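Note sheet for the following structure.
In the text below, chain A, chain B and the rest are named by the order of the sequence lines, each starting its count at 1. Worth saying up front: this structure is predicted, and the values here are computed from it rather than measured.
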Amino acid sequence: MITVRLPDGSPLELADGASVGDVAGAVGSGLAKAALFGKVNGTAVDLTAAVEDGAAVEIITKKSPEALEALRHSTAHVMAAAVKKLYGSGVRFAIGPAIDSGFYYDFDVEEPFTPEALEKIEEEMSNIISEAIPFERSELDRAAAIDRMKEAGQGYKVELLEDITDDRVSFYRLGDFVDLCRGPHIPDSSKVGAFKLTSVAGSYWRGDSSRKMLQRIYGTAFFSKKDLDSYLHLLEEAAKRDHRRLGRELDLFSFHEEGPGFPFFHPKGVVVLNEIVDYWRKVHRREGYLETRTPILLREELWHQSGHWDHYKDNMYFTEIDDQGYAVKPMNCPGNMLIYKSGQHSYREFPLRMGELGLVHRHELSGVLHGLLRVRSFTQDDAHIFCLPEQLETEVAHVIDLCFEIYGRFGLDDVHIELSTRPDDSIGTDEQWALATKALENALASRNIDYGVQPGEGAFYGPKIDFHITDCLNRSWQCGTIQADFAMPERFDLEYIGEDGRRHRPVMIHRVVLGSLERFLGVLIEHYGGAFPFWLSPVQAVIIPVSDTVLDYARQVEGEIRAAGFRVELDNRSETVGNKIRQAEISKVPYMLVVGKREADNHTVSVREHSKGDTGPAAVAEVIEKFRREISQEA
RNA sequence: GCCCAUGUAGCUCAGUCGGUAGAGCGGCGCAUUCGUAAUGCGCAGGUUGUGGGUUCGAAUCCCACCGUGGGCUCCA
């Protein structure tokens with residue numbers, strides 16, 4: 001007999017050699033039926049796994065948060081099994097993990113999958129699911145596994161095995177399909193309640209564009225049809241928040257074939273951008289930032305000196321003026337280096353914070369362009385901070401605080417942070433990198449911030465802290481970044497006069513908070529679903545006259561509100577009140593001010609708030625006062 | 001850049017078997033003067049992304065290019 005411990009702490013006695021499934025059975029027949037896999041001493045295992053005396057055992061059912069991941073992983077196997085059945089032994093299998101939104105599997109096949117092929121695969125998957133085929137685990141020595149995969153012609157599996165450090169590896173069989181896999185899996189294919197193959201895309205093996213392009217099929221799976229349907233509904237709702245769609249509907253910006261990746265901002269879009277910039281300037285002035293502006297075109301030699309030519313050339317645009325090579329700036333730093341160097345500096349000026357709203361151009365691969373979130377020209381809310389090495393940590397912490405303050409102003413609280421360390425392709429000494437990285441870590445620690453680490457993902461001149469914000473499709477976009485840099489001051493031979501009267505090398509921080517005004521606007525549009533708060537709204541109020549007979553009064557009100565500094569429009573179309581209200585609601589204007597004879601007689605307006613409805617009459621002066629209050633509350 | 005899909009009126013989308021393009025919304029005009037999410041009638045609007053090819057005939061079939069979408073990779 002052995003004894004295991006259940007999650008509530010109670011002991012359970014079982015026969016020798018009992019499995020996780022036996023534990024579920026001993027607890028109750030309901031649990032035995034619902035059991036998908038288990039956890040023994042915190043490690044996920046199949047129901048068939050044996051339990052040892054004294055082990056802590058937990059039974060995982062579909063109610064457990066980790067169950068969905070296992071289900072999806074198992075569904076990926078079901079899909080691979082279907083592909084094997086339909087396409088035969090010519091298919092090479094790469095990897096098939098569960099991901100946040102479902103799962104995928106990468107295949108090396110002769111012909112790419114067509115949408116019709118996906119339907120056939122779905123059908124075959126349904127067959128496999130209805131047959132309730134069990135997932136069977138087996139173990140093998142790694143060397144034997146490599147031989148076996150070589151024999152089977154599964155080169156990708158061989159590569160995976162060569163990177164595994166364990167001596168024993170596990171395989172899972174689902175009918176005729178056997179796959180290298182850590183597990184665990186659900187007991188059999190019938191547990192897949194509802195699934196859907198969502199898309200097919202090319203993907204490079206291990207993300208390496210020098211390697212072969214595989215065919216990736218994406219899908220998603222849930223325990224019930226209801227869950228699947230509500231997920232699909234969620235996607236539809238998210239599509240309504242898509243900034244590309246709202247940008248067109250709200251007349252904020254457009255894109256044109258004549259300039260792919262280069263956004264055109266319409267008057268309403270510029271209003272929002274200007275409001276963002278006004279706020280940005282206000283905060284930065286308060287924090288002691290100075291503002292600069294540097295040229296877009298600069299001689300090629302400058303980019304050699306900065307190191308961009310060696311490390312960033314592929315992303316840069318070049319041109320020629322009077323037989324001289326010029327580059328379009330992809331970053332603002334070299335220009336600001338020249339400004340720094342145009343005069344002498346003392347340690348007393350430090351930290352010297354120089355901001356620039358600089359328009360940069362970067363040649364991004366055509367396939368990655370995405371609305372405002374990935375463009376080829378954008379305005380960075382940049383700043384270069386020159387300081388003493390011992391000021392680095394405090395300055396970084398100061399910028400972190402600034403980022404959180406500014407994101408907070410826009411109600412963006414779903415921000416996650418990554419620390420990126422030295423890449424292979426970099427400049428500067430080991431010592432400099434170690435110092436800079438330590439300063440960033442300390443600054444994060446001083447603010448008790450949780451963050452992930454991205455090894456080797458730093459800029460070529462220094463480590464960085466990135467602030468990521470998520471879009472409507474749950475894709476994460478980098479906005480803020482703080483980058484320490486010892487290398488650039490070196491390359492430009494920057495100096496300051498220290499307390500000792502001698503020349504020293506300053507340390508520099510590159511930082512953006514919004515990142516790119518364009519991207520940030522895209523993120524904001526999705527965050528607000530197009531319904532901007534009052535202070536950002538392109539049109540803050542629409543005046544809706546009930547009929548032409550009150551047009552004079554409507555114009556008078558329009559004038560008064562505009563004179564008070566608010567963005568107001570008059571809807572003087574020959575339309576019904578209902579139509580005008582509808583139009584204003586669709587364009588998400590915060591306030592609708594209905595005026596008729598009643599209002600004209602009393603110098604009032606009838607106020608309607610976006611998505612709230614009629615809130616009753618108010619004097620024009622009161623409305624202006626309300627608007628002012630709203631601005632100051634939001635500010 | 002690579003893989004797949006896709007491109008018809010300003011927007012959203014029909015368009016059968018290859019037979020010469022249609023709707024709603026929007027725009028314009030006229031009528032209507034209306035009290036909180038669509039007033040009615042009429043009119044205009046298209047070299048079907050671009051360029052080739054097949055065909056008596058192409059929105060439709062084929063090729064190339066451009067754009068867009070979803071990915072891979074890269075980054076603000």
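Between A:N315 and B:C75, a side-chain N or O to OP1/OP2 separation shorter than 4.0 Å is absent. Between B:U39 and A:T576, a contact under 4.0 Å exists linking OP1 or OP2 to a side-chain N or O. In terms of phosphate contacts, A:H370 brings no side-chain nitrogen or oxygen within less than 4.0 Å of OP1 or OP2 of B:U68. A:K464 has no side-chain polar atom (N or O) that falls below the 4.0 Å cut-off from OP1 or OP2 of B:C75. Taking 4.0 angstrom as the limit, A:R244 places a side-chain polar atom (N or O) nearer than this to OP1 or OP2 of B:G69. Not one side-chain nitrogen or oxygen of A:Q215 sits closer than 4.0 Å to the OP1 or OP2 atom of B:C3.
A donor-acceptor pair shorter than 3.5 Å cannot be found between the side chains of A:D106 and A:Q215. A side-chain N or O of A:N336 and one of A:E356 form a donor-acceptor pair less than 3.5 Å apart.
Listed by residue number, A:R374, A:V375, A:F378, A:Q380 are the residues of residues 372-382 of chain A with a heavy-atom contact under 4.0 Å to RNA chain B. Less than 4.0 Å separates RNA chain B from at least one heavy atom of each of the following residues of residues 538-549 of chain A: A:V546, A:S547, A:D548. Listed by residue number, there are no residues of residues 95-111 of chain A with a heavy-atom contact under 4.0 Å to RNA chain B. Scanning residues 328-335 of chain A for heavy-atom distances under 4.0 Å to RNA chain B yields an empty list.
Under a cutoff of 6.0 Å and an axis angle of 45°, A:R409 and A:F404 do not form a cation-pi pair.
Aromatic rings of A:H311 and A:Y461 (six-membered ring for Trp) have centroids beyond the 6.0 Å cut-off, not under it.
Look at the P atom in both B:G53 and B:G10: the space between them is 28 Å, to the nearest Å. When the P atom is compared between B:G35 and B:G40, the two are found 16 Å apart, to the nearest whole Å. Separation of the P atoms belonging to B:G22 and B:U68 is 31 Å when rounded to the nearest angstrom. On the P atoms, B:G46 is 36 Å away from B:C3, given to the nearest whole Å. Between B:C74 and B:C63, the distance separating the two P atoms is 32 Å to the nearest Å. Rounded to whole Å, the separation between the P atoms of B:C13 and B:G69 comes to 14 Å. Taking atom C1' on both nucleotides, B:A76 is separated from B:C2 by 24 Å, rounded to a whole Å.
Within 4.0 Å of A:R608, counting heavy atoms only, lies at least one base atom of the nucleic acid. Residue contacts shown for A:Y218 are limited to sugar-phosphate atoms, with no base heavy atom under 4.0 Å away. In this structure, A:G367 reaches the bases: a heavy-atom distance under 4.0 Å links it to at least one base atom across the strands shown. Residue A:S366 is in base contact, counting any heavy-atom pair closer than 4.0 Å across all strands shown. Counting non-hydrogen atoms under 4.0 angstrom, A:E575 reaches a base of the nucleic acid. Looking at heavy-atom distances under 4.0 Å, A:E585 makes contact with a base. If you check every strand for non-hydrogen atoms under 4.0 Å, A:V577 touches sugar and phosphate atoms only. Looking at heavy-atom distances under 4.0 Å, A:G202 makes contact with a base.
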Indicate every side-chain donor-acceptor pair of residues 110-122 of chain A with a distance under 3.5 Å to a residue at least two apart or in another chain.
from	atom 1	to	atom 2	distance (Å)
A:T114	OG1	A:A117	N	3.1
A:E122	OE2	A:L197	N	2.8

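Between A:F627 and A:F534, the ring planes lie tilted relative to each other; the angle falls in the 30° to 60° range. Taking the six-membered ring where tryptophan is involved, the planes of A:H361 and A:F262 are tilted, since the angle between them lies from 30° to 60°.
Looking at which nucleotide of RNA chain B each of A:H610 and A:P115 is closest to, the 5′-most match is held by A:P115.
Scanning atom types as modelled, no donor and acceptor separated by under 3.5 angstrom connect the side chain of A:Y204 and the base of B:G71. Side-chain atoms of A:E599 and base atoms of B:G35 include a donor and an acceptor less than 3.5 Å apart.
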TODO: Can you check each nucleotide of nucleotides 6-11 of chain B against protein heavy atoms at under 4.0 Å and return B for base, S for sugar-phosphate only, - for none, in 5' to 3' order?
DONE: -----S
